[in-house]
Structures are given as structure tokens and as C-alpha cells.
Amino acid sequence: MKFDTLCIHGSDTKYDSTGAISVPIFQSATFAHPGIGLSTGYDYSRLQNPTREHLEKTIARLENGYDAMAFSSGMAAIAALMELFRPGDRFIASDDLYGGSHRLFCHISAKNGLTFDFVDTSDISATAALIRPETKALLVETPTNPMMQVTDLAAVSKLCREHGLLLIVDNTFLTPYFQKPLDLGADTVVHSGTKYLGGHNDTLAGFLVVKDAGLSERLRFIYKTTGACLSPFDSWLMIRGIKTLAVRMERQQESAMKIAQWLCKHKKIKKVYYVGLPSHPQYGISKKQATGFGAMISFETDSEKTALDLLQRVKVIQYAESLGGVESLITYPMLQTHADIPKEVREAKGINERLLRLSVGLESSADLIADLEQALRD
Ligand SMILES: *Cc1c(COP(=O)(O)O)cnc(C)c1O
């Protein structure tokens with residue numbers, strides 16, 4: 001089946017006999033046993049619930065994975081993943097990382113005895129140079145948030161195989177519609193389902209998707225034991241969101257390209273970071289490993305005042321954290337997602353008082369451009 005069909009019919013399991021087209025919301029914490037030692041396949045909703053199972057099967061198929069687990073948020077998924085590691089283990093991660101992942105690693109995982117090396121993973125030799133005998137995993141965000149660095153997934157996957165590292169890819173920005181990391185050699189894919197997968201800025205969710213049965217078994221054990229599972233109702237909202245993933249991604253990308261090109265020509269915009277522009281340093285890698293560029297744009301204005309004015313003047317676009325939904329949102333990374341990153345580190349990456357990040361939604365691109373135009377007026 002093609003991807004857009006799988007978004008709608010990703011799991012063909014029928015959970016009841018009414019013929020319901022929309023999968024029912026099984027709002028039940030527990031399930032009766034038909035007899036001693038017998039199970040319907042469902043015992044307790046922390047372990048599995050039919051609505052959540054339908055969602056997980058769909059995500060696993062979309063990512064070409066063996067199994068997918070649905071969590072109550074993206075951070076819950078990443079926190080569960082960290083339970084695979086032991087005190088003394090080292091972990092390499094992209095240096096331009098989602099702020100929440102950075103906070104988890106430095107303030108919680110570090111306390112539990114893990115050591116982190118942060119590097120621009122688009123630089124393969126710099127990444128390779130950090131590998132030590134205690135290094136167990138590499139986590140790559142590609143494109144990164146907010147600087148849009150792209151990592152060559154086939155190259156890092158080769159590196160990880162040579163050194164026995166687990167390769168984890170945060171695929172939140174492109175989704176499996178544009179990029180399938182497991183096909184390129186990753187072992188695990190992480191998602192904040194809150195973003196494009198849900199797509200409506202109304203539900204928090206997270207996913208771990210794995211390629212093989214062994215890793216699935218280890219993570220399922222952590223999943224049922226630590227318990228940050230997605231509720232039946234939120235699972236249903238995710239299922240509903242994913243049905244339109246393919247059309248949303250296409251249209252949002254189309255508008256993002258128009259907006260990125262428009263920003264490049266504006267006199268108050270000094271730099272535009274969009275992976276779909278041929279001037280992007282890793283444009284060639286993006287073309288090779290992904291079927292699209294997504295709809296996230298970062299840009300640098302000519303002054304702090306321009307950035308602050310723009311945030312206060314936008315009307316259609318809203319000043320809010322998060323991304324990937326039908327509503328266009330603009331953020332100020334320095335004050336929001338990246339507030340916990342030390343100033344020197346942040347500024348060295350280009351996350352300064354002039355940098356803004358735009359998540360292009362599903363509104364008319366003409367309205368979005370008109371909104372930016374009035375917000376950038378003198
Ligand atoms: C939002 C986000 C997360 C965290 O997900 P939540 O659903 O907010 O917990 C992780 N990675 C990336 C790239 C994100 O954008």
C-alpha cells in the first residue's frame with residue numbers, strides 16, 4: 001500500500017463487529033479474563049489497549065518498523081528510551097538539539113550516571129572522534145531544531161554499525177512522510193507526536209519505533225513498567241490526525257517554500273535557514289535521504305528590534321511554542337525552547353536575539369506572507 005493509504009488504513013485489525021469506520025475509543029483501564037489463565041489479548045491498559053494498539057500498528061507501518069510504542073508525550077518517549085542505559089555509559093547527541101531533550105540529558109540522565117558528548121552530527125569525522133569504548137548510542141535530530149542542520153543518516157548509520165552503537169533518530173520535523181530513518185540504518189526512531197503526526201496543536205503524544213524484535217522486547221518491558229502510556233482518547237485523536245498527514249505535509253511544505261523564498265528577498269531578513277533552499281549547506285544530503293524538506297523555517301532579522309516587533313505584530317501567525325500543526329506558529333528560540341542552553345553555547349550556534357523560528361501551517365500562503373509583510377514594516 002502507498003503511504004497516503006497507510007495513513008488511513010495503517011492497521012486493518014477490527015476491534016468490534018459493528019462495522020464502525022472510526023476505531024472505537026476503548027475507555028477501559030482493565031479487561032475481564034475469559035477464564036483462569038486466559039486473556040482476550042488485553043489485560044490492563046498500561047500494557048495495551050485496543051485504540052492505542054491500532055495507533056501503534058499504524059505508526060510502525062508508516063516508519064517501516066517492527067514495533068511502535070505510543071507515549072503520553074515526546075519527552076516521555078525519550079525518557080523511557082534512556083532507561084536502556086546504565087551508569088558509566090556515554091552517549092553522543094546532536095549539539096543543536098530540542099531544548100527539552102538537552103534538559104533531560106544534562107539534568108536527569110547525567111545525575112543517573114550517563115555522560116553526554118554534544119557535537120554537530122552533520123560533521124561525521126567530528127562525531128567519530130568522540131566515540132570511546134563506553135559510548136553506547138548516538139542520537140541525531142535531522143533537520144535540527146532550530147538551526148536546520150542535516151545529518152547524513154546512511155553515513156552515521158555505517159559509523160554506528162562499525163562501533164556497535166545504537167542509532168536513534170528524532171524524526172519529528174520530517175515525519176515518515178518525508179524521511180524513513182529505519183530504512184537508512186537507524187535502530188530507533190523517536191517522535192514528538194504532538195507536532196506533525198497529531199497535526200492540530202491539540203494533543204501531546206510521543207513515539208518510539210524500533211526495527212527489530214530484541215529491542216522491541218527490551219523497550220516494551222520499560223514501557224509497561226514505567227507507565228507513560230498514551231490514553232485511549234488521545235490515541236484516537238492521533239489516529240484521526242494521521243489520516244491527513246500526507247496532504248498536510250505536502251501543502252505545508254509548498255507554503256514553506258514560498259515563504260522561505262519571500263523571506264530571502266526581504267531587506268530586513270539577513271539569513272534564512274530552510275533545508276529546501278539550494279543554498280542550504282546540506283541541500284544535497286536532504287535530496288538524497290528525504291523525499292521532501294518539511295515546513296520549518298528559521299530566519300535571522302537585521303536587529304533585535306525587528307524580531308521583537310515582528311513577534312508583537314503578527315496576527316494570523318501566533319507567537320507560541322510548538323510546531324507542525326495546522327495553525328502557523330512563530331517562536332523565539334532564545335527565550336523559549338532554548339532558554340536552558342548556556343548563552344555561549346547557544347550564541348555560537350546562531351541562536352541569538354535576532355533568530356526566529358516559523359512553523360508554517362495550513363493557512364493560505366498569501367495570508368501568511370501578507371502577515372509577515374505587515375509585521376516587518378518600518
Ligand atoms: C517537541 C519536541 C520534542 C518533545 O516532545 P513533547 O511532545 O513536547 O514532549 C522532542 N523532539 C523534538 C524535535 C520536538 O520538536
Side-chain angles (χ1 to χ4, degrees), residues 55 59 63 68-82 91 93-109 116 118 121-122 138-151 153 168-179 181 186 188-209 223 226 228-231 234-235 237-238 241-242 249 252 273 275 290 293-298 320-325 327-333 336-341 349 351 357-361:
L55 168 64
I59 293 283
E63 285 282 6
M69 282 149 261
F71 291 83
S72 53
S73 72
M75 289 321 300
I78 303 173
L81 184 65
M82 297 317 285
F91 197 102
S94 300
D95 61 350
D96 182 36
L97 200 60
Y98 175 70
S101 305
H102 194 271
R103 186 166 62 225
L104 172 74
F105 296 163
C106 296
H107 298 284
I108 294 185
S109 306
F116 292 85
F118 295 103
T121 51
S122 65
L138 171 65
L139 184 143
V140 169
E141 232 179 76
T142 184
T144 60
N145 177 14
M147 300 314 291
M148 311 296 161
Q149 289 162 196
V150 173
T151 295
L153 290 176
I168 304 154
V169 177
D170 186 328
N171 203 27
T172 300
F173 271 32
L174 289 185
T175 82
Y177 182 67
F178 286 135
Q179 174 169 274
T188 304
V189 162
V190 173
H191 274 285
S192 168
T194 314
K195 317 295 169 55
Y196 289 101
L197 296 176
H200 293 74
N201 289 321
D202 58 10
T203 313
L204 290 174
F207 297 95
L208 291 180
V209 195
Y223 184 84
T226 56
C229 53
L230 192 65
S231 74
D234 288 353
S235 297
L237 283 169
M238 279 286 132
I242 290 166
M249 293 308 285
Q252 283 172 255
Y273 303 90
V275 294
F293 307 111
M296 294 302 299
I297 305 171
S298 291
E321 261 162 271
S322 203
L323 61 107
E327 293 90 0
S328 293
L329 302 179
I330 195 156
T331 62
Y332 199 27
Q336 295 174 293
T337 50
H338 290 66
D340 285 337
I341 315 260
K349 297 283 342 161
I351 307 171
R357 189 195 74 188
L358 176 65
S359 168
V360 179

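Counting begins at 1 with the first residue of the sequence. We count ligands from 1, going down the list as the structure has it; atoms in each ligand are counted the same way.
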Inset, instruction - Only counting residues at least two apart or in another chain, list the ones meeting side chain to side chain donor-acceptor pair (under 3.5 Å) with Tyr273. - result: none
Legend entry - Pairing residues for Phe105 by the ring pair (Phe, Tyr, Trp, His ring centres under 6.0 Å) criterion, not counting sequence neighbours: Phe91, Phe116
Under 3.5 Å, N/O to N/O: give me all the pairs between ligand 1 and the protein, one per line with atom names and distance.
from: ligand 1; atom 1: 5 (O); to: Ser192; atom 2: OG; distance (Å): 3.0
from: ligand 1; atom 1: 7 (O); to: Gly74; atom 2: N; distance (Å): 2.9
from: ligand 1; atom 1: 7 (O); to: Ser192; atom 2: OG; distance (Å): 2.8
from: ligand 1; atom 1: 7 (O); to: Thr194; atom 2: OG1; distance (Å): 2.7
from: ligand 1; atom 1: 9 (O); to: Gly74; atom 2: N; distance (Å): 3.0
from: ligand 1; atom 1: 9 (O); to: Met75; atom 2: N; distance (Å): 2.8
from: ligand 1; atom 1: 11 (N); to: Asp170; atom 2: OD2; distance (Å): 2.7
from: ligand 1; atom 1: 15 (O); to: Lys195; atom 2: NZ; distance (Å): 2.7

Legend entry - Interatomic spacing from CG in Asp234 to OG in Ser73 - rounded to 0.5 Å: 11.0 Å
Legend entry - Rounded distance (nearest 0.5 Å) linking atom CG of Leu139 with atom OG of Ser101: 7.0 Å
List the atom pairs, donor and acceptor, that lie under 3.5 Å between side-chain atoms in residues 195-202 and the rest of the protein, sequence neighbours left out.
from: Lys195; atom 1: NZ; to: Ser192; atom 2: OG; distance (Å): 3.4
from: His200; atom 1: ND1; to: Gly198; atom 2: O; distance (Å): 2.9
from: Asn201; atom 1: ND2; to: Glu327; atom 2: OE1; distance (Å): 2.8

Inset, instruction - Sort out for me which residue in Val140, Leu81, Leu208, Ile78 forms a side-chain contact (heavy atoms from CB on, under 4.5 Å) with Ile168. - result: Leu81
